[in-house]
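Reading through the structure tokens given below for one structure.
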There are 2 protein chains.
Amino acid sequence: MAGSDRPTSRDVARAAGVSQATVSLVLGGKWRGRVSERTAGTVRSVAGELGYRPNAAARSLRLGRTRTALLVVPALTHEYFARVYAGAARVADAHGFGVVLYPSPEGIGPARDPFGPARAAIDGVIASSMAADALAGIADGGLPLVMLDSGPGAQDGPPTVDLAVADGIRQVVRHLVALGHRRITHLAADVDTWTFKVRARTVGEELARVAGARPATERCGLDVASARDAAVRALTAPGPRPTALLCDGDVLAAGACKGARSLGLRVPEDVSVSGFDDLELATALDPELTTVRLPAEEVGARGMAALLALLDGAPVPPVELPVELVARGSTSAAP
Amino acid sequence: MAGSDRPTSRDVARAAGVSQATVSLVLGGKWRGRVSERTAGTVRSVAGELGYRPNAAARSLRLGRTRTALLVVPALTHEYFARVYAGAARVADAHGFGVVLYPSPEGIGPARDPFGPARAAIDGVIASSMAADALAGIADGGLPLVMLDSGPGAQDGPPTVDLAVADGIRQVVRHLVALGHRRITHLAADVDTWTFKVRARTVGEELARVAGARPATERCGLDVASARDAAVRALTAPGPRPTALLCDGDVLAAGACKGARSLGLRVPEDVSVSGFDDLELATALDPELTTVRLPAEEVGARGMAALLALLDGAPVPPVELPVELVARGSTSAAP
DNA sequence: CTGTTAGCGCATTCAA
DNA sequence: TTGAATGCGCTAACAG
């Protein structure tokens with residue numbers, strides 16, 4: 001069990017012939033005018049040679065802060081959240097913070113105990129895309145909290161970082177309408193989170209403005225198979241067949257393409273399909289998906305920045321990040 | 001800054017009319033025959049009412065252990081690693097451990113400092129699919145280390161959990177050969193890790209046994225676009241066109257399908273394509289990919305179990321997990 | 001059965 | 001300019 005006895009600041013102090021306090025000051029970077037340049041140099045080189053690393057537990061205990069944030073996500077297996085994490089971690093790292101991931105079970109239901117699983121003590125929580133009722137368990141701890149992709153909160157609620165989801169949907173609808181589509185079915189994710197509720201509402205609102213539009217909705221789970229089934233239902237429903245399937249995510253769009261093809265329909269000649277998220281999947285498919293690009297890293301980065309500001313007691317205005325339609329091969333003029 | 005003054009064990013002790021030590025014993029679960037049932041009950045209920053949570057920093061400082069493992073992965077954005085994490089976290093959780101993720105920059109090069117980014121102190125490290133030279137920076141810390149998917153190590157090296165990658169490749173090759181394919185091109189990931197080296201070697205070995213086989217290799221990066229280009233190169237190379245593309249991953253296979261189609265070839269009628277990993281992508285594509293299913297969660301779970309054993313000083317035999325060919329629509333009889 | 005004591009490694013007073 | 005002393009919250013000895 002090598003390495004179990006790492007050098008302590010006292011070891012460094014002894015080796016350098018100074019006191020522990022001096023070591024702490026020098027290594028803490030707050031010695032300007034309190035320790036001589038020469039002594040500081042000695043301390044630093046001795047610490048380096050000994051391979052000294054401050055003990056995080058002791059420091060946390062003393063400071064009362066851990067310099068660690070907890071990022072709560074509904075599912076780790078999704079590329080979007082991986083990118084959110086990457087963005088958060090980048091900003092955190094730049095500020096000497098760490099980020100610990102906590103995949104909330106099922107993404108739904110109150111997170112049982114944000115502190116059991118993530119053993120490390122936490123300075124604050126960043127919750128991403130959580131279901132409405134999942135918040136209780138988190139805000140509970142009285143910890144500083146930032147909400148990502150969860151809609152504008154109350155005026156005095158936690159800071160928020162949101163995506164312009166409604167605008168994204170609007171861009172998709174207008175894209176489809178401009179291509180001549182009127183019979184558009186929304187493949188809606190059957191998930192009770194802000195982002196999906198906004199998508200559903202916006203599709204309805206936007207289509208209501210279009211003369212001759214025939215909106216419809218088909219609900220489905222978040223996986224390929226479920227979306228394929230929903231697409232088949234949508235395309236075989238009584239009445240004129242929809243010419244476009246507007247899907248709540250790229251994964252759903254992939255399923256929709258499969259469903260259409262299983263009926264002998266071609267994408268996009270017979271039916272156009274649009275996605276949302278712009279995952280790698282969007283360009284892995286053939287044809288590539290028309291979709292909406294989400295600045296996932298930026299969401300994570302701004303979320304972490306908001307948490308840092310919150311910890312500093314600084315005011316944190318809500319953020320809304322723009323999204324962008326990416327037109328590719330899966331949509332074309334209505335037949 | 002609400003909640004900054006959480007109750008301590010002393011607060012609980014005072015409120016319950018006992019000593020701090022008693023609280024510690026009861027809540028630590030080691031009071032059998034040392035504290036009366038009645039007192040224990042009182043302590044527990046008082047702790048509950050006060051919303052007491054033990055301070056992780058203090059506990060770590062005292063115990064010298066943090067009950068936290070660091071999982072180092074080359075890329076978070078990959079479904080495989082998300083699953084490895086899930087498996088590791090599940091086992092960890094069952095043992096009161098947490099898992100912190102550390103995405104090693106670029107997946108290559110020595111991880112600069114596993115302890116800076118992951119501020120939380122660490123009891124041990126689980127490294128997954130790391131490049132050969134990335135190990136130095138990790139094993140360095142003298143921390144208990146487990147290696148995942150990195151090949152059988154030295155006899156006295158760190159414990160390993162590996163996948164039967166060679167067997168997986170063998171199954172794919174035999175599947176293709178049984179379908180009548182002889183001109184098989186290996187779309188090989190241009191990455192210097194054990195798993196990809198084994199794949200390349202095994203394809204060669206296995207094909208060498210087949211009479212009339214015409215093996216070829218095309219190298220590419222790990223993304224769709226790079227694989228598409230490689231597939232185009234493979235399918236337009238001088239000489240008879242390959243009838244099958246054996247790809248080092250599902251993502252590459254997706255690119256290969258696109259490449260084939262861009263040349264007017266159909267999958268699988270004109271060219272068969274096989275993947276590796278069995279990501280969700282494999283069934284999102286049309287046709288679905290013939291691929292090799294990797295027990296990613298199991299890898300993570302066994303890795304965490306190995307680390308726990310290591311921390312207990314128990315012997316840790318190497319583990320090799322079986323993989324399984326999943327035949328789907330992207331492969332068929334050679335034309 | 002329960003309470004008292006000591007010390008984990010660090011950052012920070014206060015004295016020198 | 002530096003050193004000695006203190007306590008963060010907890011657990012493990014040892015007393016009672």
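Only a predicted model underlies this, so the values are computations on that prediction, with no experimental measurement involved. Residue numbers begin at 1 in each chain, while the letters A, B, ... track the order of the sequences.
Counting only N and O atoms by type, the side chains of A:Asp123 and A:Thr66 include a donor and acceptor under 3.5 Å apart. For the residue pair B:Thr39/B:Thr42, the side-chain donor-acceptor check at 3.5 Å is not satisfied.
Distance from the side chain of B:Arg59 is smallest to D:dC10 among C:dT2, D:dC10, C:dG3.
OP1 and OP2 of D:dC10 both lie 4.0 Å or more from every side-chain N or O belonging to B:Ser24. The side chain of B:Thr22 places an N or O atom within less than 4.0 Å of a non-bridging phosphate oxygen (OP1 or OP2) of C:dG3. For A:Ser19, no side-chain nitrogen or oxygen approaches OP1 or OP2 of D:dA4 to under 4.0 Å. For the OP1/OP2 pair of C:dA11 and a distance below 4.0 Å, the side-chain nitrogens and oxygens of A:Ser9 include no atom meeting the criterion.
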Watson-Crick and G-U pairing of DNA chain D, under 3.5 Å, as dot-bracket with | and [ ]: ||||||||||||||||
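Both A:Val23 and B:Leu25 lie close to DNA chain C; mapped to their nearest nucleotides by heavy-atom distance, the more 5′-ward contact belongs to B:Leu25.
Rounded to whole angstrom, the span from the CZ atom of A:Arg38 across to the P atom of D:dT1 amounts to 13 Å. Look at CZ on A:Arg67: it is 14 Å from C1' on C:dA11, rounded to the nearest Å. Atom NZ of B:Lys30 and atom P of D:dC10 are 15 Å apart (whole Å). Distance A:Arg65 CZ to C:dC10 P: 16 Å, rounded to the nearest Å.
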Under-3.5 Å N/O pairs linking protein and nucleotides 6-8 of chain D:
from: D:dG7; atom 1: N2; to: A:Arg62; atom 2: NE; distance (Å): 3.3

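Residues B:Leu321 and B:Val161 are in side-chain contact: their nearest non-hydrogen atoms beyond the backbone lie under 4.5 Å apart. B:Tyr52 places none of its side-chain heavy atoms less than 4.5 Å from the side chain of B:Val43. Considering only heavy atoms from C-beta on, B:Tyr80 stays 4.5 Å or farther from B:Val73 through its side chain.
Note: A:His95 NE2 to A:Arg90 CZ = 10.0 Å, rounded to the nearest 0.5 Å. B:Trp31 CH2 to B:Arg44 CZ: the interatomic distance, rounded to the nearest 0.5 Å, is 5.0 Å.
A:Thr39 comes within contact range of the sugar-phosphate backbone alone, with a heavy-atom separation under 4.0 Å but no base atom that close.
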For a side-chain contact (heavy atoms from CB on, under 4.5 Å) check, start with the C-alpha distance between B:Val26 and B:Val23, then their side-chain angles and the critical distance, and finish with the verdict. CA-CA 5 Å; B:Val26 172; B:Val23 173; 6.0 Å; no
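At a threshold of 4.0 Å, the pair B:Asp11-B:Arg14 counts as salt-bridged, since one of the basic side-chain nitrogens sits closer than that to a carboxylate oxygen.
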